[in-house]
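Scroll down for the structure; my scribbles are underneath it.
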Amino acid sequence: MAAAGGTRRGALLALLSLLSLLALLALRAGHGGEGRAGSPRLPPGLLEELRQRQRDLRRLAAAEGGQAEGAGLGCGDLRGATGGGVLGSGFTKVVQRAALPGGGGAVALKSVHGAGREVRQCEQRYGAPAGCRRLAAYKLLKEVALLQRLRHPGIVQLRGHCLDSGGDPGAGVTAVLELGAPLEMIQLLQTPWEERFKICLGLVKLLFYLAHSPLGSIVLLDFQPRQFVMVDGNLKVTDMDDASTEELSCKEDNDCTLDFPAKSFPLKCSSAGKCEGINEKKNLFNAYRYFFTYLLPHSAPPALQPFLSDILNATGDLRYGINETVTAFEKVLHLYKSGLYLQKRPLLLKEYIALKGFRTVEAEDYKCWPSYSHLGCLLSVHSPEEAAAICNSQSQCQSFIVTQQRTWTGELGQRSGGRGLKLPCHVVPQRPWLCVEITPSLRRVSANEKRGIIFSFFRLFPCQVLHRTAMCC
């Protein structure tokens, strides 16, 4: 009870601090300067834009649903923080890396971008720099308000915010976020399929949450890969200032066409005068064209490709809603984790022998794609039998090593039968094996290495002495 009361008090303080800055901005909105007497009044057009954003933010701050986070880090926590350079900048905001004092760790600081396009275009229209910075500040405040209410693993975590009332209020709004790495699609395309599937699955779960959020169905109006970051291998949306809970109003079905550059989708007008599911479907189609199309199909296990094609076709035509898409992804995940996707094939592991405590020398590693390691061929398999099938399909592979490492699907599944991070595959001579030729390619594993190695498997060859020795290991 005490903890719950503290959470409610922290949330109330966070809301009050946000509303207090709103009052400060409103008080100064009628002046072009810093609120000083005699400062020129802002142009009527800019005043109206400021008032509209203020109304939107007040409505969001007062909306029911979601539990606002406590205050978190504040201005005092940022004093003494050391900068680490600009991480990125956009239309409205700039993001900088900072190290908090006292070992508080690294964070991302988001603030108004005074040289950004929004501020510059506003200044060209109205000639009021201070008022234009305040206009941009409302978007950052909206993002803070949304991040206080929305909690999901696919949304970047708000660590706190600083609302400095001194000087220009537009320059005194700073959001403190968890630090992530920019999303690099080219690099993602070079990662194993399992990791790309994880990203798409995380995105689908995020879109499901947004479709059923405590604030209602939320659409990401500026849905682009650059609005996402990677945090500890997980995809997270980091830019929420263009998110909206408003659904398009309509009088008839013809008012509800969802337009994209290459496609248009007719939707229904509900009895409530809203286009049914337009926010959800807009998010889903953007996920299809920016993520699914590139990340899902390439180098997927052959038996899963029909299921992935169904997902691509159904989301590309918007035949699926987000609920059906989640179900389809969960089915693929189940098939993959359980090993049910493995097609019936001849048992190939019987062609190998296991050498416990030995491995081939590192100089014989060869590279494959896609691989978890750029230094060799490190793949994810469900079992040694699947590893044997992969090794048989590659002319360079004559042996493989099964380790105790696990990928994310192995960690989520059962220990027995879970997927392992396996296979440094090694090159061995392509000519027929002789007993004397295999000895130099083996070495005993050290105590540290032995912890991570289960067995090394080598092809059987006509050498009965070594065969018997291997079977005794």
Handout entry: Heavy-atom check, side chain of F197 versus side chain of L333, under 4.5 Å
Key = yes
Exercise for the section: Compare all side-chain heavy atoms of Y336 with those of E194 and state whether any distance is below 4.5 angstrom. Expected result: yes
Handout entry: E178 side chain vs Q157 backbone, donor-acceptor pair below 3.5 Å
Key = yes
Problem - Separation of SG atoms, C269 and C250, below 2.5 Å - result: yes
Completion exercise
Minimal heavy-atom distance between L100 and R159, with the atoms involved, is CD1-NH2, 4.2 Å
Exercise for the section: Evaluate the side-chain proximity of V204 to I322: yes if any heavy-atom separation is below 4.5 Å, no if none is. Expected result: yes
Exercise for the section: Considering non-hydrogen atoms only, spot the tightest contact between A108 and L87 and give its length. Expected result: CB-CD1, 4.3 Å
Problem - Basic-acidic side-chain contact under 4.0 Å: R226, D239 - result: no
Problem - Smallest separation among heavy atoms of S217 and E280, with atom names - result: OG-N, 3.9 Å
Exercise for the section: Please tell me if the side chains of K139 and V112 come closer than 4.5 Å, counting only heavy atoms from C-beta onward. Expected result: no
Practice task
State whether the number of non-hydrogen atoms from other residues, nucleotides or ligands found under 6.0 Å of R59 atom CZ is greater than 12.
Solution key: yes
Exercise for the section: Tell me whether the centres of the aromatic rings in F291 and F228 are closer together than 6.0 Å. Expected result: yes
Practice task
Please answer whether the main-chain N or O of A106 pairs with a side-chain N or O of R97 as donor and acceptor at a distance below 3.5 Å.
Solution key: no
Practice task
Compare all side-chain heavy atoms of L296 with those of R196 and state whether any distance is below 4.5 angstrom.
Solution key: no
Problem - Test: K142 and D56 ion pair at under 4.0 Å - result: no
Handout entry: Donor-acceptor pair, side chain of D255 and main chain of E252, under 3.5 angstrom
Key = yes
Practice task
Could you tell me whether a side-chain N or O of S309 sits under 3.5 Å from a main-chain N or O of Q305, the two making a donor and an acceptor?
Solution key: yes
Exercise for the section: Taking the side chain as every heavy atom from C-beta outward, state whether L179 and V107 have any pair of such atoms under 4.5 Å apart. Expected result: no
Exercise for the section: Indicate the atoms forming the closest heavy-atom contact of A115 with R120, along with that distance. Expected result: O-NE, 2.9 Å
Handout entry: Any donor-acceptor pair under 3.5 Å from E247 side chain to E276 backbone
Key = no
Completion exercise
One should read off an interatomic distance between T315 OG1 and L284 CG, to the nearest 0.5 angstrom, of 6.0 Å
Handout entry: Main-chain N/O of F91 paired to H113 side chain as donor or acceptor, under 3.5 Å
Key = no
Problem - Heavy-atom check, side chain of L210 versus side chain of N279, under 4.5 Å - result: no
Practice task
Could you verify whether a donor N or O on one side chain and an acceptor N or O on the other, from T92 and E118, lie under 3.5 Å apart?
Solution key: yes
Problem - CG-CG distance between L248 and L267, expressed to the nearest 0.5 angstrom - result: 9.0 Å
Handout entry: Donor-acceptor pair, side chain of S371 and main chain of L378, under 3.5 angstrom
Key = yes
Handout entry: Side-chain donor-acceptor contact under 3.5 Å, S249 with K274
Key = yes
Problem - Min side-chain heavy-atom separation I155-L146 under 4.5 Å - result: no
Practice task
Decide yes or no on side-chain contact (heavy atoms from CB on, under 4.5 Å) for R41 and L47, but give the supporting numbers first.
Solution key: CA-CA 9 Å; R41 293 190 62 81; L47 275 174; 4.1 Å; yes
Problem - Pair Q52, Y138: side-chain N/O donor-acceptor within cut-off below 3.5 Å - result: no
Exercise for the section: Check the pair L135 / Y126 against side-chain contact (heavy atoms from CB on, under 4.5 Å), numbers first and verdict last. Expected result: CA-CA 12 Å; L135 187 67; Y126 300 118; 5.6 Å; no
Handout entry: Where H212 and N323 come nearest, the two heavy atoms and their spacing
Key = NE2-OD1, 3.2 Å
Problem - Parallel, tilted or perpendicular, as decided by the 30° and 60° cut-offs, for the rings of F285 and F260 - result: tilted
Problem - From CG (D317) to CG (L312), nearest 0.5 Å - result: 10.5 Å
Handout entry: Gap between atom CD of Q227 and atom CG of L220 - 0.5 Å precision
Key = 8.5 Å
Handout entry: Evaluation steps, side-chain contact (heavy atoms from CB on, under 4.5 Å), between M240 and L150
Key = CA-CA 10 Å; M240 297 288 290; L150 302 175; 3.7 Å; yes
Problem - Interatomic distance, L147 atom CG to K110 atom NZ [nearest 0.5 angstrom] - result: 7.5 Å
Practice task
Determine whether more than 12 heavy atoms belonging to other residues, nucleotides or ligands lie under 6.0 Å from atom CG of D259.
Solution key: yes
Handout entry: Verdict with supporting geometry, M230 and I199, side-chain contact (heavy atoms from CB on, under 4.5 Å)
Key = CA-CA 9 Å; M230 298 296 295; I199 288 172; 3.9 Å; yes
Handout entry: Under 3.5 Å: donor-acceptor pair, side chain of K263, backbone of G316
Key = yes
Fill in the blank from the handout: Of all heavy-atom pairs linking W193 and L295, the shortest is CD1-O, 4.2 Å
Exercise for the section: Any chance you could measure T409, atom OG1, to K337, atom NZ, to the nearest 0.5 Å? Expected result: 7.5 Å
Exercise for the section: Check step by step if ring-ring contact (aromatic ring centres under 6.0 Å, His included) holds for F292 and F329. Expected result: CA-CA 11 Å; F292 300 166; F329 268 83; 5.4 Å; yes
Problem - Electrostatic pair E48-R55, nearest N-O below 4.0 angstrom - result: yes
